[in-house]
Structures are given as structure tokens and as C-alpha cells.
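Quick caveat: nothing in here was measured; it's all calculated off a predicted structure.
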Amino acid sequence: MNTASQPEPRVKFTWPKVFLTWGVVIPLLAMAAEVLFKPCASVFFDPIPTVGHLLLLLSIPTWNLVVYRHLRGLSSPGRQWLWFGAGLAIATSTFYLLATWLIGLYSFVLVIFVLPIPLCLLGSAPVLAWLSWFSAFAKLRREKVTCSNLWMWLGVGVAFLGIVISEVSTLVTVFYVKPAAAGDVQALQKLRRFGSSGVLADLCYREQGVLARRSPGTWIVGTRFGSDMAGRFLRSMSIKAEDARELYFRVTGESFDTVRPSTRRTFGSSAFSDDFADWTWDQERAGEAVGVRLAGLYLTESSTKWTIESDAALAYGEWTLVFDNHGNREQEARCQILLPAGGVVSRLTLWVNDKPEEAAFAAKAVVTAAYRQVVKVERRDPVLVNHVGPDRVMMQCFPVPAKGGKMKVRLGMTVPVHSEIRVPILLERNFSLASNFSHRLKTVSDQDFEGAQRHGGQWIFDKKLNPEQWRQTRLIMSPRASEVVWTSDPFAPKESSFLIRRTEMIESEIPSDLVVIVDTSKQVGASREQLQQAIKQLPSGVPVSFYLASDDGWIRADRANVQQVLNEIGFVGGRDSAPALIQALHDHDKATHLWIHGPQPNKSKLLSTTTIPLFTGRLYAIEVVPGPNRLLEWFPDNDRLQAVSWYQTDGSFTKVIKEIVEPSRRGVWKYERSSTLPTTGKKVSDQLARYWASQEVHKTRDASLAARYQIVTPVSGAVVLETKTQYEKAGLKQADSAMVPGVSNVPEPSPALLVALALLWLVSRRRR
């Protein structure tokens, strides 16, 4: 007689709620706390630096939940999967137990009010998960839910492989960061392929020791709580922040300050806060570098107003910026600004106690010394603007008051107008843009231009721009400049108080020797097709040499093989253009040089041991992507160097180069002085005198002339101080408010006009 098979008796499952809490709930809560608050990443290491780590961690509560349901008779998974999951869970929990045993020890020893709750969860979760696994494993054995050990070891192997894969980017960075920083090209290439940009970013913001605090694996073997030998090795592989910043660019092609470091959190009785600004020391304060991005410091308001004189082919604009500091200590806002082509700063204003105060203009060394004295010693309210390269200035202001304090600055600019005005933009900054940030652009002109609307006898452009639109906007126009214009120069002596400008046409010549230097960084690669097309269309009758930046320094090419060489070296990471550029200037000192480049955010080590080659030709720096350029700052600002921003010019890359290398007829401005009122020509504003002075200072390097005309040049700067005593102590004279330039008011629609338009709209709707 056949009898029905009876199920094997189950072992009684004691403490099911405890098992569920220890093995499932607490691990999930610990992961959620780390993702939201990052307590461990802030203090010790990042337990979840990658998606792979997260998946491994999820295997622990998942397996415990499956076992719980099986032991309660709620489901019956296959035995092979139970033992495979057991291998995953035990390997992962053991790995994290090794990483967090010290935190766990503190969690059990100290009371909960001493350690924050998320940190207690993180410390206790691996221990409890490991105990839960041991308990579940024993119960499964007693129930005789057995299977080949091969399945469990397969799970262990998969977990081990997952740990290795998840840790590989950090481990590669650990092993190759120092050789790459020392110039090892193979190490650099390995970092590009397998390294962790997050580890490099942390190194840029912090000094030595970050490598041992990045991931669970490096924490296990790289701290004083793990292997002492391995710890010494990892610490020996750390590099200085300055070297890490250069390496970050070489690996990623981006400047380090485009990303923020991992966030540090501090916990209070009721909430947590981002305290990064309070424990990161701003080492660049009052210095010459923009430096790290500071948390809590924001640009909240930004607007420019322009007045365009088409007869003079000149424009004057004022850029107003408002900074807001949410941090717990006062901070310095610093930024590098790209001015419109040929522009010069001709006004600087700081609001002190809600009152606008004008700047003093003097030699660059004098205003810089005055600023540093006030910032570092007196800690008062100055703002400084200095020239740092062609069409580039650096502005820094201190202090932006803590806990919601604001600082308001205005920058005035005099610029020539040919076919367009390139809107000034931020190239580099140590502050963030507010979440709802927009830049307002207002322009008034006596001539029509693209996008403008007529208002009375003027043409008006008024628009709010998001950050991306702001970087790309330019005002397209064709000014009807008079052949002869003049102005009454308020800064000149009476015997030469009238400045006259005449336009003369000259013929440009085709270069006899042409040299093309190409920055092969990743960002330049976006314009690769246009670059190759422009190379094909270079004049056939002119000898052309190519110098291409590479990881090893530079590679020389000619017309026949330049495309092949470009394909071989590629456009990857960030490459230092200094070796190629200096070699090209040395080999072809009389040639016309076209340097096609992107950002160069780090000062090349070659510049500390090399002087600028003496060259009598011309150098056109054609910028493909906007950004800081330490190499461009290294060159003296004279008429042999001309910066061209292709990304904001009307036309293709080919057209830009064609205008440089092919003969053309163009107008040049010639100036003369007179003591009597001119009888011919068109009278224009005194912006003409300021622009003349900027051109004259470029030739003569006369700082006193720049100070008299109140402009920022390679030899002069501007500073606003808080008190008259500070000006007197520094030997500076504040600009007379009656002598500073200003913009025309942009007409705003009147309330009556708006009401009339609304009524007209309603009437039209009723008639429909």
C-alpha cells in the first residue's frame, strides 16, 4: 500500500522578528542613511562609491529575506540559489565587517547620544548581518536543506569578483597616480582608461591621505587600523593638491574646479548640514589664483547694460554682480572674466554700507599690495581687478559676509565694436551659480542690430539668459563708424584736450611662413572636423609646419602626414601645449603662428625653466573652448599676440583662419591731438579717450597714463577700499564720481502703456 510522503519536520524558527530586523531592516536602513547623509564617507571612507558596491550590499538583506521567507514556510526557492546567495552574502558581509569593525566597536561601546544614529547603524549593520547569516546558515543545516558546496563557493567567487571590479578604478588610481604625476605617460594612459575621476577630484581639494579614505578596499589595507606596511605604501602614493589638479586635467580634460569634492556632513540634534565651507581652508585668499570652489558662496544676481555708439564704433557696458554667502564664515569671491574682444575695464564700483564707492586706479603692484593689506590684516571691504592676459581680468572681493551676507560689485568696460560684441563671461570661479540663476542683458543703440526692437529713436535689446545662453550670446551689428570722430578728452591737458581719430585703409599681406600649433586635448576634439577642413584649405603657396601637442611633449608634422598624426595621437584628456608652442616659436621666429587651443588651466612646469623665445612674427591664439589659460597669461600682452575666440565669432572655423592667412583690405584707427575745436568729423563720447589710452599703454607700458585715464591694463589695476584712511595709507586716490563713465538708461514700458496694451488686447478678443 502506497502511503503519501510526509514533509520533513521543520526546526522551530525562534526569534523571527529579531532575525528580520538584524538581517534585513537594519542593513537597508544603514544603506539609506549612507546614501542620504554620508556619515561614513564624511569621516572615514565611502562605503558605496560605485553602483557595484551598492549591488553587493543589497545581496545581504536580499538573501536574508529569502531565507526568512523559506524558514517561515512562505516560499521555497531552489536549494542551489539558496546556497549561491549564501556565498554572496557571507563574502560581502565579511568584506564590510573588515572595513567597519572599528566603527562597530564604537557603536556598541558608546551611547547613542555620542555617535549620530546613521553612524551607529553603519557600524552595527555588518556585524548584525554577519550574525544573521551565521544563524540562518545553521538553521538551514539543521533542516538538512543542503546542496553541493560548489554553489556556495560559486557565490563567494562572484562576490569576490564583484568586489575586485568595483574597487579596480580606485586601485588603479592608487597605484598609478604618483607615477603619472611624475610624467610617466603609460601611467597617465592607464588612469584615463581605468582610473577614478572621483579620487582625483578629492585629491585636488585635500592634501595627502585621501587615497586611503576613498573606498572600503583601500580603507581596509591603507589605514593605521589595517596593514601597517600597506598603509605606508598607500600614503607614499599620495600627491600634493597642486600636482593632483594638473593630473586631473591631464586625465579628464576638465579643470578640477568644475566639480565639487565629496560632501562632508555634520550632525546636530535635529538636522544635518553641509559644513564643507567651515572646515576647508581657502589657501588662495588674496592670492593670484582663483582656486577651489567654495561651498556656500553663490552668484545670485548678474546683469549687464550696454550703450553702443555706432559713429565711434565703441560701446560701454556695466556688469553688476551680487554675491551671497550661506556659509558660517566670511569668504572671498574670485573669478577670471573674459572681456569682449579688445575690451578694457574703465570703471569699478563696490557698494559699501549700501553706498556705491568708486575705485582707485594705479600701478598693478600698488593696488595689489593695498588689497592684500586690507584683506589679510584689517579684514575690511575691498575689491580688486587686475589684468591677467589678453581680454582677461581677475576680480576678487572680500569679505562676503557669513550667514546670508551679500556683496555687490559693478564692472565698467569700454570695448571696440566691429561686427559684434561678445558678451563678457566667467572663465573660472570659486563660487557657484544660484539654482534659479539668470543673467540679464540690456542694450541700447542708435543703430539697428540683430534681435533688437525699436523704441523711439533707439534700438533696445532686453533679455534674461540662462547660463548656457549667456556663454553663447553675442550682439551682431555693423556699426556705421564715421571716418573722422573726435571727443573732448577730460584727462588731457588743455593744449591737447581734443582727441581726433581717423580711419585709414591698409592692405594685409599673405604670410611668408605659416606655423600651426594644435592643442590635442579632449575639448578641442569637438571641433576636429572643422579643424581638418581648415587645414586642407590653407594657402597652397605658403610653407606650413605643424606642431601637435602630445603626452610626450610635441610631434612635428607637415601637410602630407598631419591628418595621419592627428588620428594616431587622438584628442584625449588634457594636454600641455607649452612644449609645442615654445618649440614652434623657437624654430620659426619670424613666422605667423596659429595656436588652436582649448583651456590650459594649469601652469606648465616648463614655464618655470624656460623663457619666452624672441620672435618677430605674430601669434594668433585661436580659442576653441572658453576656459582659463595659464599659458596665454605667461605671454606679454603686446601687438604681436592676438587672442581670437572662434566659438563666439560669426562664421565657421575655416572662415576665421582664412581671414588671418589671406590678404585683405581693412581699416585701422589713427589718432592725433589738437588744442582747438575740430571743424570736421563727428563728436562722440569720451569713451574714445579711454580706448585710445588703453592702446597707448599697450605700447608704452606707462602705468601713470593708465591710472590717469582710469583703466585696467597689463601694468595697472583698480581697487576699492572702505575708508579714506586706507586710501591715504596706500598712496592711492579714489576716482572722482563726476569723472566715471555711465550707461544710458534702457527705457522700460510705462504703466500707462502696459494698461493700454492690455485694453487693446481685451477689445480685440471681444470682437472675435
For this session: List the steps, then state whether side chain to side chain contact (heavy atoms under 4.5 Å, CB included) holds for Ser166 with Ile163.
Result: CA-CA 5 Å; Ser166 301; Ile163 291 170; 5.8 Å; no

Exercise. If you measure from NE2 on His698 to OG1 on Thr713, what distance do you get to the nearest 0.5 Å?
Worked result: 6.5 Å

Problem set entry | Within 6.0 Å of CD in Glu529, more than 12 heavy atoms from elsewhere | no

Exercise. Side chains of Tyr547 and His588: do they bring a donor and an acceptor to under 3.5 Å?
Worked result: yes

For this session: State yes or no: are the ring centers of Phe437 and Trp470 separated by less than 6.0 Å?
Result: yes

For this session: Assess the side chains of Asp587 and Gln583: does a donor N or O sit below 3.5 Å from an acceptor N or O?
Result: yes

Problem set entry | Within 6.0 Å of NZ in Lys590, more than 12 heavy atoms from elsewhere | no

Exercise. Strictly by modelled atom types, are Thr592 and Arg618 linked by a side-chain donor-acceptor pair under 3.5 Å?
Worked result: no

Problem set entry | Val515 and Ile517: CA distance, side-chain angles, deciding distance, side chain to side chain contact (heavy atoms under 4.5 Å, CB included) verdict | CA-CA 7 Å; Val515 180; Ile517 305 100; 4.0 Å; yes

For this session: Indicate whether any N or O donor in one side chain lies under 3.5 Å from an N or O acceptor in the other, for Glu623 and Gln600.
Result: no

Exercise. Do Arg245 and Glu284 meet the salt-bridge criterion of a basic N to acidic O distance under 4.0 Å?
Worked result: yes

Seminar exercise, completed: Rounding to 0.5 Å, atoms CG (Asp391) and CD (Gln642) come to a distance of 9.0 Å

Exercise. Could Asp551 and Arg192 be called an ion pair, given the rule that one side-chain N must be under 4.0 Å from one carboxylate O?
Worked result: yes

Exercise. Charged N to carboxylate O below 4.0 Å: is that the case for Arg630 and Glu428?
Worked result: yes

For this session: Determine whether more than 12 heavy atoms belonging to other residues, nucleotides or ligands lie under 6.0 Å from atom NZ of Lys522.
Result: no

Problem set entry | Lys/Arg-Asp/Glu bridge criterion (N-O < 4.0 Å) met for Arg285, Glu332 | no

Problem set entry | Between His439 and Gln469: side-chain donor-acceptor atoms closer than 3.5 Å | no

For this session: Would you please say whether a donor-acceptor pair under 3.5 Å links the side chains of Ser438 and Asn466?
Result: no

Exercise. Considering only heavy atoms from C-beta outward, does the side chain of Ile596 approach that of Tyr620 to under 4.5 Å?
Worked result: no

Problem set entry | Any donor-acceptor N/O pair, Glu167 side chain to Ser215 backbone, under 3.5 Å | no

Exercise. Any luck finding a side-chain donor-acceptor pair between Asp519 and Ser521 under 3.5 Å?
Worked result: yes

